[in-house]
Each structure stands twice: as C-alpha cells, then as structure tokens.
J.: 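After the structure tokens below, expect a handful of questions from me.
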Amino acid sequence: MEQALAALCAVRALRSGVGQVFECVGGGGGGGGSAELIAELQEQVLVVGASLREVEACSNALQPPPGPFSLGNAALLSQEISVERQALYVQLVNSYRWTDKVHEYSGVAQSLLSQNSLKRSYVTSSSAKRRRTHTSSHNVSPQNVDNVINAIDRTFNDMKITVSRPFATNAVVQISLGHVLKAVIAFKGLMIEWVVVKGHGEVLDLWTESRHRVFRKVTENAQAAMLHFFSPTLPELAVRSFMAWFHSYINLFSEACKRCGNHLHDTLPPTWHDFRTLEPFHEECKQ
C-alpha cells in the first residue's frame, strides 16, 4: 500500500508539472521576453522530466499480483452493453467495502461489550427472581374496560356514554356531550386508537369527518390529546384524564378564550383546551 501511495503521489506531481508547462505556454511566460519564456519552459520541462523518472521508479517498484483476481460472477459485468449496468461493478465494490467495515466495527464493539456485564449493580445473586409481567394497555379484558367506562359515565352527569362492540371484543364508545357535540372513540383494550367528533345533526361513524369546520378542529385536538394522555403503565388513568379533558368541551360555544377574551376568532370558537388546566384558547392564541 505504501508503494502504491508513493506511485499515486508521483503521478499527481507529474500531472501538476505538465499542467504548469501548458499554462506557461498559453500565458506567454507572464508578460516577459522570449528569452525569459524559453528559460522558464526549460526549467519546467526539467521538473516534468524528474517527475516522470520518479513515476517510472515507483511503478517499477510495485509488485504485480500473484495471479488473476477471482471476481466470480461479477467478472461478467464487463460484458454488459447497456450503460445502466456498466456502473454496477463500482457499486459492488463500495458495498463490499461498507460490509467489510461493518464486520470490522462489529468485532471491535463485541470485544468492548463483552468486557461489561451490562448489569444495574455489581451484586450477583444465585437465585433468579421471577418478575411479575405487566399487562399491556391493549390486552385488557372487556369486563375491566366496561368497569372503567361505567365509572367515568357516573362521574359526569352531563355526558352520556354508550359502549358497543361491533368489532369482536374491542369497545367502540359513543359520547353525547350535552347539546354541544357527540363523538365516537375506538378502543383496543384500554388504549384509545381513534377519535371522531361531529355535530348532533350528523351521522356518527369512524370513517368520515364532520362537515363542520369547528368539529374537524376539535377532532384534531382530540387526537392530539389521545396521544398526550397515553400511558402504557397506567391505562386507566390515561382514559380518565382524556375523558376529563374531553368533558371540558361542554362549554365550547359559551366560554371565551382565556388569551384574547373573545368568543370567536376567524369565525371559530376556542377549539383548543389546555391539557393541564383545561382552559379554552383559540388556535392562534394557544402559543
């Protein structure tokens, strides 16, 4: 590799010298006389000759490979006629180099990680403790889901909740929030998967959005709240928090924005409710 690097450096010096010769001839020697031009050209030709002798010496020092390279099926790529496939060999070489680096770095990482036990403490115990497996939020029995939803229904007197299961064991909850709006919520266990909010004069389903702009905005905010309150370890608390936040929309058309004090902004009421304080804000005033 050192000999090849020296040969490449010599070739680069030769190309630079030849380029200076042509630049001198094309530029007329920097504005001097013919004698100065001839002297400068002779000096640069001597430099090019020295570089050429260095290239020959470096090339003679290179050792030829002991035998032909075994390219396997990749050798057939040289017989390709289409331009698109002629560059495949270069891509194969780059892929091989990348894979070789991955193997090298993986070996180094394996040697480093094998020196650490990756334990939280230095205390070793002979008897392995059996840990209690936690039930995930989407793997909850229908009875537990009904108990949680019924408890929430008893908490809010002005919010009517109806539970149905049209799709196997997963619950679909329909909510009627006073005379303001209605919503349908799809559950998977105790995990809220989808929320759609509509007006009382619309058909309630999971597939179509409301024709009213205000309820489309509330749907977007409800889906953001669904993600905000999600908790895989405390699914009941997540559902209760979401329902308490959603119940704050009982005053959607009667409560003014806490920032600007107006009921309407861009023909819309305050459709954004803070996740912590439940205070209403317009979309432009929540910043």
Side-chain angles (χ1 to χ4, degrees), residues 137-138 142 145-146 148-231 235 238-287:
S137 58
H138 63 274
V145 176
D146 291 343
V148 173
I149 295 177
N150 291 333
I152 297 174
D153 189 19
R154 292 191 295 268
T155 303
F156 304 104
N157 297 326
D158 49 359
M159 185 169 66
K160 182 180 179 182
I161 301 177
T162 306
V163 182
S164 60
R165 287 184 170 82
F167 312 109
T169 58
N170 294 324
V172 176
V173 176
Q174 297 184 7
I175 299 177
S176 178
L177 191 58
H179 298 284
V180 180
L181 54 83
K182 60 182 180 179
V184 56
I185 303 175
F187 282 81
K188 186 174 183 180
L190 276 176
M191 180 178 64
I192 300 177
E193 285 196 316
W194 195 248
V195 183
V196 176
V197 180
K198 292 187 177 183
H200 276 281
E202 298 181 280
V203 178
L204 195 60
D205 59 78
L206 287 168
W207 324 118
T208 58
E209 61 181 8
S210 175
R211 65 175 182 270
H212 302 290
R213 181 185 172 194
V214 57
F215 296 124
R216 292 198 298 270
K217 279 292 184 182
V218 176
T219 299
E220 295 177 3
N221 297 332
Q223 292 172 0
M226 168 189 73
L227 300 176
H228 173 79
F229 291 113
F230 171 72
S231 175
V239 175
R240 293 178 183 274
S241 301
F242 175 83
M243 290 298 185
W245 173 87
F246 189 78
H247 178 264
S248 63
Y249 280 92
I250 190 70
N251 299 322
L252 174 63
F253 298 105
S254 59
E255 194 171 3
C257 174
K258 294 298 182 182
R259 176 65 61 84
C260 64
N262 297 326
H263 287 274
L264 295 178
H265 185 279
D266 193 18
T267 68
L268 286 179
T271 56
W272 172 264
H273 286 199
D274 188 83
F275 293 143
R276 184 174 57 88
T277 62
L278 307 182
E279 294 179 343
F281 295 92
H282 293 113
E283 294 288 338
E284 295 78 9
C285 298
K286 68 179 180 179
Q287 305 295 335

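Everything numeric in this text was worked out from a predicted model, so none of it was measured.
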J.: Does the side chain of Phe187 reach to within under 4.5 Å of the side chain of Val173, using non-hydrogen atoms?
T.: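 SC-SC contact between Phe187 and Val173 confirmed.
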
J.: Using residues 252-261 as the side-chain source, report each donor-acceptor pair under 3.5 Å to any protein atom, sequence neighbours left out, with the distance given to one decimal.
T.:
residue, atom, partner, partner atom, Å
Arg259, NH1, Cys285, O, 3.4
Arg259, NH1, Gln287, O, 3.1
Arg259, NH2, Gln287, O, 3.2

J.: Show every side chain to side chain donor-acceptor pair (under 3.5 Å) that has at least one partner inside residues 150-159, sequence neighbours left out.
T.: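 Sorted result for residues 150-159: Asp158-His247.
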
J.: Would you say that Ile185 contacts Met226 through its side chain, given a criterion of any heavy-atom pair below 4.5 Å between the two side chains?
T.: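 Answer no - side chains too far apart.
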
J.: What pairs of residues pass the side chain to side chain donor-acceptor pair (under 3.5 Å) test when at least one of them lies in residues 173-184, not counting sequence neighbours?
T.: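 Matches after skipping sequence neighbours: none remain.
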
J.: Suppose we screen for side chain to side chain contact (heavy atoms under 4.5 Å, CB included). Which residues come up paired with Thr208, at least two apart in sequence or across chains?
T.: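 Checked Thr208 against side chain to side chain contact (heavy atoms under 4.5 Å, CB included); matches are Lys198, Asp205.
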
J.: Just by modelled atom types, is the Val195 backbone N or O under 3.5 Å from a matching donor or acceptor in the Gln223 side chain?
T.: yes

J.: Checking Ala225 now: which residues fulfil side chain to side chain contact (heavy atoms under 4.5 Å, CB included) with it, not counting sequence neighbours?
T.: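 If we apply the side chain to side chain contact (heavy atoms under 4.5 Å, CB included) test to Ala225, skipping adjacent residues, the hits are Phe229, Phe242, Trp245, Phe275.
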
J.: What pairs meet the salt bridge (Lys or Arg N to Asp or Glu O under 4.0 Å) rule with one or both residues in residues 262-274, with sequence neighbours excluded?
T.: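 Pairs touching residues 262-274 that pass the test: Arg213-Asp266.
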
J.: List the residues meeting side chain to side chain contact (heavy atoms under 4.5 Å, CB included) with Glu209, not counting sequence neighbours, and say none if there are none.
T.: Arg216

J.: Can you list everything that forms a ring-ring contact (aromatic ring centres under 6.0 Å, His included) with His263? Sequence neighbours excluded, please.
T.: none

J.: Please list all pairs meeting salt bridge (Lys or Arg N to Asp or Glu O under 4.0 Å) that have one or both residues in residues 276-287, counting only residues at least two apart or in different chains.
T.: Glu283-Lys286

J.: Mind checking what makes side-chain hydrogen bond (donor to acceptor under 3.5 Å, both in side chains) contact with Thr219, not counting sequence neighbours?
T.: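 Residues passing side-chain hydrogen bond (donor to acceptor under 3.5 Å, both in side chains) with Thr219: none at all.
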
J.: Does any pair with a residue in residues 201-220 pass ring pair (Phe, Tyr, Trp, His ring centres under 6.0 Å), and if so which ones, sequence neighbours excluded?
T.: His212-Phe215

J.: Judged by atom type as modelled, is there a donor-acceptor pair below 3.5 Å linking the side chain of Asn221 to the main-chain atoms of His273?
T.: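 Checking the backbone N and O of His273 against the side chain of Asn221, no donor-acceptor pair under 3.5 Å is found.
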
J.: Any non-hydrogen side-chain atom of Arg240 less than 4.5 Å from a side-chain atom of Ile152?
T.: yes

J.: State, to 0.1 Å, how close Ala171 and Val145 come at their nearest heavy-atom pair, and which atoms those are.
T.: CB-CG1, 4.2 Å

J.: Please report the closest heavy-atom contact between Val184 and Val172, naming both atoms and the distance.
T.: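 Val184 and Val172 have their closest heavy atoms at CG2-CG1, 3.5 Å.
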
J.: Using side-chain contact (heavy atoms from CB on, under 4.5 Å), reason through Glu220 and Thr271 one step at a time and then give a plain yes or no.
T.: CA-CA 10 Å; Glu220 295 177 3; Thr271 56; over 6 Å; no

J.: What residues, two or more places apart in sequence or in another chain, satisfy side-chain hydrogen bond (donor to acceptor under 3.5 Å, both in side chains) together with Arg165?
T.: Asp146

J.: Heavy atoms, side chains only, cut-off 4.5 Å: are Val197 and Phe246 in contact?
T.: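 The answer is yes, as the side chains (C-beta and beyond) meet within the 4.5 Å cut-off.
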
